[in-house]
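See below for the structure under consideration.
Not measured: the values here are computed from a predicted model.
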Amino acid sequence: MAGKENRRLKELFKEFGVQPATLALMGQMGFTVSTLMNMKDDEVDFIIKSMIEEYHLELLVGEQFGIKAAVRAKRRALDEEVEQQRLDIVARTGDRKISPDDPTSETLLLKDGLGTPRDALGLLGLTDQGSDSENIKVPKKKQKKRRSKEVGEDGQERPREHPFIVTEPGEPAKGKKNGLDYLFDLYEQCGKFLEEVQQIAKEKGEKCPTKVTNEVFRHAKLTGAGYINKPKMRDYVHCYALHCLDMEQSNALRKVYKERGENVGQWCQACYYPLVSLARGNEWDIDDLFNRNEKLRIWYVPTKLRQLCHIERIKHGE
């Protein structure tokens, strides 16, 4: 068993400049590939520190970075593999339920022939509004696990609802929920709060953040904008990205989902595929699309969007 684990460690680090003596010591310390995959970055740092201080190993700087880079790369590969399996399952169930004669199947508004409506539904885990919900238990079950819970008056936990509703451009929301124009305005406000944080940092002679970070959200809360919070803003970054990069397509998508009576969660998922198509037209460089846009460059590219672009790139062999 030890020989097998040593081979797995060698395979994990072979492209990252980690020396055999280092791998041998990690094996002696009892670490395996599975153990490393379940460790946080600070725990990996602790391993490196232990090898240097307790075992007096002369660990090169390149090796230290190589160990951390290898673990991160393996984690990404495993995440992408799991995501691909989920998408394959969703695509197969989606293909059985989408009717080619359904006029609403054209409503994802893909441009320049980059993909088809059926491809988009399969990729995103969406189904036609007339589909049988019993056939899509796998994606729904996964989605429930991700939803945060809140306790109602009866003491029972229930999924927390989206704080927004799908509205067309310029349409005010009705009731207690907010419309999508208000959602996009929150991102504009975050940009202004970032400028304030940068100004404060300059006055103090400190390093200025270039992205919307936790520091910006804390500053917003201190100035009375507690309604701007990290979880809410992180959930819809890709929707705002589509709004900034292709407002025409974003508005059309909003109109379609409003007419169909879909909720914000379904609209939110539908915003992914047009961005994947835009990334394909930009040689799959989604980061470049964000960085070239004045409003988007202050936001990090969502991990899920990056994964979808990677999966589709592999699928197209590009």
Q: Find out whether Phe290 and Val237 are in side-chain contact, i.e. whether some heavy atom of one side chain is under 4.5 Å from a heavy atom of the other.
A: yes
Q | Where Leu242 and Pro274 come nearest, the two heavy atoms and their spacing | A | CD1-CB, 3.9 Å
Q) Going only through I, L, V, M, F, W and Y residues with side-chain contacts under 4.5 Å, is there a path from Met37 to Val18? A) yes
Q.
Counting C-beta onward and ignoring hydrogens, is there a side-chain heavy-atom pair between Gln19 and Leu60 closer than 4.5 Å?
A. yes
**Q.** Qualifying residue, where the test is side chain to side chain donor-acceptor pair (under 3.5 Å) with Gln269 and the options are Glu262, His238, Lys304
**A.** Lys304
Q) CD1 of Ile286 to CG of Asn291: how many Å apart, nearest 0.5 Å? A) 10.0 Å
Q | Between NZ on residue Lys232 and CZ on residue Phe217, distance to nearest 0.5 Å | A | 10.5 Å
Q.
Grouping I, L, V, M, F, W and Y whenever their side-chain heavy atoms are under 4.5 Å apart, do Tyr182 and Val212 come out in a common cluster?
A. yes
Q: Using modelled atom types only, decide if a donor and an acceptor are shared between the side chain of Gln266 and the backbone of Asn263 within a distance under 3.5 Å.
A: yes
Q. Residues two or more places apart in sequence or in another chain: which of them pass side chain to side chain contact (heavy atoms under 4.5 Å, CB included) with Glu196?
A. Phe193, His219
Q. In this structure, which one of Leu12, Leu36, Thr22 forms a side chain to side chain contact (heavy atoms under 4.5 Å, CB included) with Ile67?
A. Thr22
**Q.** Expected output: side-chain Ser50 to main-chain Phe46 donor-acceptor under 3.5 Å
**A.** yes
Q | Intermediate values then yes/no, side chain to side chain contact (heavy atoms under 4.5 Å, CB included), Tyr236 and Cys271 | A | CA-CA 9 Å; Tyr236 305 100; Cys271 288; over 6 Å; no
Q) For Val301 and Leu305, which heavy atoms make the closest approach, and how far apart are they? A) CG1-CD2, 4.2 Å
(Q) Less than 4.0 angstrom from a charged side-chain N to a carboxylate O is my criterion; do Glu195 and Lys192 meet it? (A) no
Q: Classify the ring geometry between Tyr240 and Tyr187 as parallel (under 30°), tilted (30 to 60°) or perpendicular (over 60°).
A: parallel
Q. Between Asn282 and Leu278, is there a donor-acceptor pair closer than 3.5 Å when you use the side chain of the first and the backbone of the second?
A. no
**Q.** Rounded distance (nearest 0.5 Å) linking atom CD1 of Ile52 with atom CD1 of Ile47
**A.** 12.0 Å
Q: Of all the heavy-atom pairs spanning Lys40 and Glu43, show the shortest one and how long it is.
A: N-OE1, 2.8 Å
Q) Minimum heavy-atom separation for Phe16 to Ala73, with atom names? A) CZ-CB, 4.0 Å
**Q.** Basic-acidic side-chain contact under 4.0 Å: Arg292, Asp285
**A.** no
Q | Shared hydrophobic cluster for Met247 and Trp299 (ILVMFWY, side-chain gaps under 4.5 Å) | A | no
Q. What residue pairs, at least two apart or across chains, pass salt bridge (charged side-chain N to carboxylate O under 4.0 Å, His left out) with a residue in residues 53-63?
A. none
Q: Can you sort out the partners of Glu11 under side chain to side chain donor-acceptor pair (under 3.5 Å), two or more places apart, ordered by chain and number?
A: Lys14
Q | Joint cluster assignment, Ile200 & Ile298, ILVMFWY side-chain distance < 4.5 Å | A | no
Q. About how many Å separate CG of Asp181 and CG of Leu186, when rounded to the nearest 0.5 Å?
A. 11.0 Å
Q. Given Glu188 and Lys295, is the side chain to side chain contact (heavy atoms under 4.5 Å, CB included) satisfied, shown in steps?
A. CA-CA 8 Å; Glu188 307 287 335; Lys295 294 182 178 180; 3.4 Å; yes
Q.
How long is the straight-line distance from CE of Met29 back to OH of Tyr55, given to the nearest 0.5 Å?
A. 4.5 Å
Q. Do Asp287 and Arg306 come within less than 4.5 Å of each other through their side chains, counting heavy atoms only?
A. yes
(Q) In this structure, would Tyr300 and Leu289 fall into the same cluster of hydrophobic residues linked by side-chain contacts under 4.5 Å? (A) no
Q. Would you find a donor on one side and an acceptor on the other, under 3.5 Å apart, between the side chain of Glu168 and the backbone of Asn251?
A. no
Q | All side chain to side chain contact (heavy atoms under 4.5 Å, CB included) counterparts of Asp41, not counting sequence neighbours | A | Arg72, Arg75
Q. With Thr35, which residues qualify under side chain to side chain contact (heavy atoms under 4.5 Å, CB included), at least two apart?
A. Phe31, Thr32, Met39
Q | Minimum heavy-atom distance Ala270-Leu253, with the two atoms named | A | O-CD2, 3.8 Å
(Q) Taking the cut-offs as 6.0 angstrom to the six-membered ring centre and 45 degrees off its axis, would you call Lys68 and Phe65 a cation-pi pair? (A) yes
Q: State which residues pass ring pair (Phe, Tyr, Trp, His ring centres under 6.0 Å) with Phe184; sequence neighbours excluded, sorted by chain then number.
A: His243
Q: Using a strict cut-off of less than 4.0 Å between a Lys/Arg side-chain nitrogen and an Asp/Glu carboxylate oxygen, indicate whether Lys258 and Glu171 qualify as a salt bridge.
A: yes
Q: Starting at CG of Leu59, measure out to CD of Gln64 and round the result to the nearest 0.5 Å.
A: 5.0 Å
Q: Return the minimal non-hydrogen interatomic distance between Val216 and Cys190, and the atom names on each side.
A: CG1-O, 4.0 Å
